[in-house]
Amino acid sequence: MIICKNISKEYKHSAGRKQVLKDVNLVVKPGERVALLGRNGAGKSTLIKLIGGVEMPTSGTVSHHMSVSWPLGFAGGFQGSLTGYDNARFIARIYSRDYADVRAFVEDFTELGSQLRMPVKTYSSGMRARLAFALSLAIEFDCYLIDEIILVGDQNFHRKCHYELFEKRADRALILASHDTSTISQICNRALLLDRGHATEFDNVDIAIDTYCNL
């Protein structure tokens, strides 16, 4: 279970402070698939990063009672001077996984070929996203955090993503931030709508989508 209690997040900028999230509450149980809906700048990616531990809330708490992935596609944790293979070895050690298995999965999934022997700082944003996505899936988690920014590459890569996340791991929880209402309707069974920093929960995804479309 993941419990977000009274989460608020502010950022400093030249004109002062901007509050992105205000007292957001969310509970995600094992196997639940929760959509994060909201216009650009509503705080969807921010909430994903807070749940994933990439950032810390200004106030409130996030409690994890099941294993949670880092945000899929997030490449901020890479060591740029290391190769793709070196980063895969590092992740395998952190999570006590067999490096040979992680390496084989990354090679097949990313289709980056010899680029995996190059420093990650030489990668394009799409290549970095592929590597981050592959490393997330190479480690088994109870809950996956997904931002639609991961949807890079060709149709073959999209099919791989869909199979690995939504078919092979159909029993896992996930939190999906997306504007793609068709995908959300097919995959998610709950929704959280973010608007002006506030969050509204919906047990009916179709009603959540209608409300979002009418903002």
Side-chain angles (χ1 to χ4, degrees), residues 2-28 34-64 68-82 87 90-91 94 119-133 135-136 141 143-153 161 173-181 183-184 188 190-202 208-215:
I2 300 168
I3 302 173
C4 299
K5 185 175 182 182
N6 299 325
I7 294 296
S8 293
K9 182 63 177 179
E10 295 181 352
Y11 292 100
K12 293 181 180 179
H13 58 85
S14 58
R17 301 183 70 88
K18 178 182 179 181
Q19 186 160 30
V20 179
L21 299 173
K22 304 174 184 177
D23 295 322
V24 172
N25 292 284
L26 175 67
V27 175
V28 181
V34 181
L36 297 184
L37 291 166
R39 299 299 181 189
N40 289 333
K44 302 185 300 298
S45 294
T46 297
L47 184 55
I48 288 267
K49 290 177 181 178
L50 294 175
I51 294 172
V54 176
E55 296 186 12
M56 297 299 294
T58 304
S59 62
T61 59
V62 179
S63 302
H64 300 108
V68 180
S69 76
W70 56 87
L72 270 65
F74 177 72
F78 286 146
Q79 171 51 254
S81 62
L82 298 180
N87 276 280
F90 179 68
I91 292 295
I94 288 177
V120 170
K121 64 184 178 183
T122 67
Y123 288 13
S124 68
S125 59
M127 291 165 62
R128 289 168 66 92
R130 282 182 178 237
L131 179 59
F133 195 7
L135 289 175
S136 299
F141 294 102
C143 180
Y144 288 88
L145 306 178
I146 310 165
D147 196 307
E148 64 182 354
I149 196 172
I150 66 170
L151 299 180
V152 296
C161 293
L174 63 83
I175 301 173
L176 171 63
S178 178
H179 293 288
D180 186 345
T181 55
T183 298
I184 285 173
C188 298
R190 290 177 54 214
L192 188 76
L193 176 61
L194 296 173
D195 183 35
R196 298 180 180 87
H198 297 286
T200 304
E201 288 192 72
F202 292 85
I209 290 172
D210 287 343
T211 305
Y212 162 66
C213 290
N214 289 316
L215 285 177

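All residue numbers refer to positions in the sequence shown, counting from 1. Values below: every heavy atom of this structure, side chains too, minus hydrogens, waters and symmetry copies.
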Please report the shortest heavy-atom distance between [X] and [Y], naming the atom on each side.
| X | Y | result |
| --- | --- | --- |
| Arg39 | Tyr212 | NH2-O, 3.2 Å |
| Ala199 | Val24 | CB-CG1, 3.8 Å |
| Ile48 | Ile175 | CD1-O, 3.7 Å |
| Tyr123 | Leu131 | CE2-CD2, 3.9 Å |
| Glu10 | Thr58 | N-OG1, 2.8 Å |
| Ser136 | Tyr144 | O-CE2, 3.7 Å |

| said: Please evaluate residues Val62 and His64 with respect to the criterion side-chain contact (heavy atoms from CB on, under 4.5 Å), reporting the C-alpha separation (whole Å), side-chain torsions for both, the decisive distance (0.1 Å), and the verdict. | reply: CA-CA 7 Å; Val62 179; His64 300 108; 3.7 Å; yes
| Counterpart residues, ring-ring contact (aromatic ring centres under 6.0 Å, His included), relative to Phe202 (two or more places apart) | none
| request: Please report the C-alpha distance between Met56 and Leu50 in whole Å, then the side-chain angles of each, then the deciding distance to 0.1 Å, and finally whether the side-chain contact (heavy atoms from CB on, under 4.5 Å) criterion is met. | output: CA-CA 6 Å; Met56 297 299 294; Leu50 294 175; 5.5 Å; no
Pairing residues for [X] by the side chain to side chain donor-acceptor pair (under 3.5 Å) criterion, not counting sequence neighbours:
| X | answer |
| --- | --- |
| Asp195 | none |
| Ser124 | none |
| Gln19 | none |
| Ser59 | none |

| Qualifying residues under side-chain contact (heavy atoms from CB on, under 4.5 Å), relative to Ala35, sequence neighbours excluded | Ile184, Cys188, Ala191
| said: So if I apply the side chain to side chain contact (heavy atoms under 4.5 Å, CB included) rule between Ile51 and each of Thr46, Val28, Leu36, Leu145, which one comes out positive? | reply: Leu145
Between [atom1] on residue [X] and [atom2] on residue [Y], distance to nearest 0.5 Å:
| X | Y | atom1 | atom2 | value |
| --- | --- | --- | --- | --- |
| Lys44 | Leu193 | NZ | CG | 10.0 Å |
| Met127 | Thr122 | CE | OG1 | 6.0 Å |
| Ile7 | Lys22 | CD1 | NZ | 15.5 Å |
| Leu37 | Leu176 | CG | CG | 8.5 Å |
| Ser69 | Ile146 | OG | CD1 | 7.5 Å |
| Leu26 | Arg190 | CG | CZ | 6.0 Å |

| field | Side-chain donor/acceptor of Asn6 to backbone N/O of Asp23, under 3.5 Å | value | no
| field | Evaluation steps, side-chain contact (heavy atoms from CB on, under 4.5 Å), between Val34 and Glu201 | value | CA-CA 10 Å; Val34 181; Glu201 288 192 72; over 6 Å; no
| request: Check whether any side-chain heavy atom of Leu192 sits under 4.5 Å from a side-chain heavy atom of Leu47, and report yes or no. | output: yes
| task | Return yes when atom CZ of Arg196 has more than 12 non-hydrogen atoms of other residues, nucleotides or ligands closer than 6.0 Å, and no otherwise. | result | no
